[in-house]
Amino acid sequence: MNLADASRYFDRTEVFDPDTGRCLFKAQMKNYDDSHRDNASAYRRVMSVAPGTPMPAARSIRMLGDTWLVGDRQRDGQANAHRDKFVVQRTPAQGSVYSLAGFLAGTRKALAWMDMLWLADRKELEVSSDVPQQYLAYYPETLDVMQHDVVVHQGKAIVVQSAAHTGSGISEARGLLQATVAPTNVIVNKRTFVPSTGRYTTNPTVTVQGLLMRWQELYRYEAQSDERYQEGDRSLVLPAATAINNSDTVTAGGRNWSVTGVQPISGCAVAHLRPL
């Protein structure tokens, strides 16, 4: 008998597919007391299996009554391999990933098991006493999450500021917690300037779906003439086809705004708003 056979004898924990309930294989989970806290939002557990045991394509499993994300395979052994080990991260529920344009249209890019946890409080003392919360979303490496994608999980939503594949094999995305988990109705008040009167004439309004965000999360200065940030400014994400320009006003979030600029970002039209 070799080490691989001896270790395999103790594989008593059944591992299931979290979606179908089918038993996939048997494994061992490292004791909780022997596990390590990686940071404020991750507690690393380690699962070991017999060498060559295949993992599900979705990189998620159900074991010991919980669902877990599965990281990259790490082989252990002496003269020969006798165990395959994986970092696993507990995940309580499935979450949705949208592109920024897909979020406005209600078109989901992916549905997967994941977790979203508080990471840090950020301060913006120069403009308010608010404390924006930064959250960290964990998801399987098979999921393609890009900057400015929207991740929605258990009543929370973030717009991704950065996404990365970690050394453990479990991917993560960071972003600030949004005030809403769904797009809201936005009224664009179309106006036309009449030189002979020096006034604006109001045209029929247009109602579209939009996402009102903190200005600091989604902006670009592309020219010296671009309007600079002032206290109270916000960014408004609209479908790319929305007809909106600097002469228009917007009703969103229960108040009226002037439009100081519009630029394309990640397949959407992003308006720079200023309170009226």
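Each residue takes its place number in the sequence, starting with 1.
In this model, a donor atom of one side chain and an acceptor atom of the other lie less than 3.5 Å apart for N189 and T249. Q74 and D84 form no side-chain donor-acceptor contact under 3.5 Å, judged by distance and modelled atom types alone. Side-chain atoms of R274 and T260 include no donor-acceptor pair closer than 3.5 Å.
Using bins of under 30°, 30° to 60° and over 60° for the plane-to-plane angle, the ring pair Y98/F103 lands in the perpendicular bin.
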Practice problem: Could you check D11 against R83 for salt bridge (charged side-chain N to carboxylate O under 4.0 Å, His left out), going step by step and ending with a plain yes or no? | Solution: CA-CA 11 Å; D11 289 340; R83 299 301 286 173; 2.7 Å; yes
Self-check item: Evaluation steps, side chain to side chain contact (heavy atoms under 4.5 Å, CB included), between V150 and V160
Solution: CA-CA 6 Å; V150 181; V160 176; over 6 Å; no
Practice problem: Decide yes or no on salt bridge (charged side-chain N to carboxylate O under 4.0 Å, His left out) for K190 and D248, but give the supporting numbers first. | Solution: CA-CA 5 Å; K190 301 297 297 179; D248 300 331; 2.8 Å; yes
Quiz item: Hey, mind stepping through L143 and M114 against side chain to side chain contact (heavy atoms under 4.5 Å, CB included) and telling me if it holds?
Solution: CA-CA 10 Å; L143 210 57; M114 61 175 62; 4.0 Å; yes
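Cluster membership for F25 and F16, using ILVMFWY side-chain heavy atoms within less than 4.5 angstrom, is not shared. Linking Ile, Leu, Val, Met, Phe, Trp and Tyr whenever their side-chain heavy atoms come within less than 4.5 Å puts L64 and I61 in one cluster. If you chain together hydrophobic residues whose side chains sit under 4.5 Å apart, L117 and W113 fall into the same group. Under the 4.5 Å side-chain heavy-atom criterion for grouping Ile, Leu, Val, Met, Phe, Trp and Tyr, L111 is not connected to Y139 through any hydrophobic cluster. Linking Ile, Leu, Val, Met, Phe, Trp and Tyr residues whenever their side-chain heavy atoms come within less than 4.5 Å leaves I158 and L212 in two separate clusters.
Few gaps surround OH on Y221; more than 12 heavy atoms of other groups in view lie less than 6.0 Å from it.
Here the options are R214, H272, R228, Q216, the test is side-chain hydrogen bond (donor to acceptor under 3.5 Å, both in side chains), and the partner is D233; only H272 passes. Applying salt bridge (charged side-chain N to carboxylate O under 4.0 Å, His left out) to D149 and the options R108, K109, R174 leaves one that passes, K109.
Between R234 and M213 there is no side-chain heavy-atom pair separated by less than 4.5 Å. Within the 4.5 Å cutoff, no side-chain heavy atoms of M47 are placed close to those of W68.
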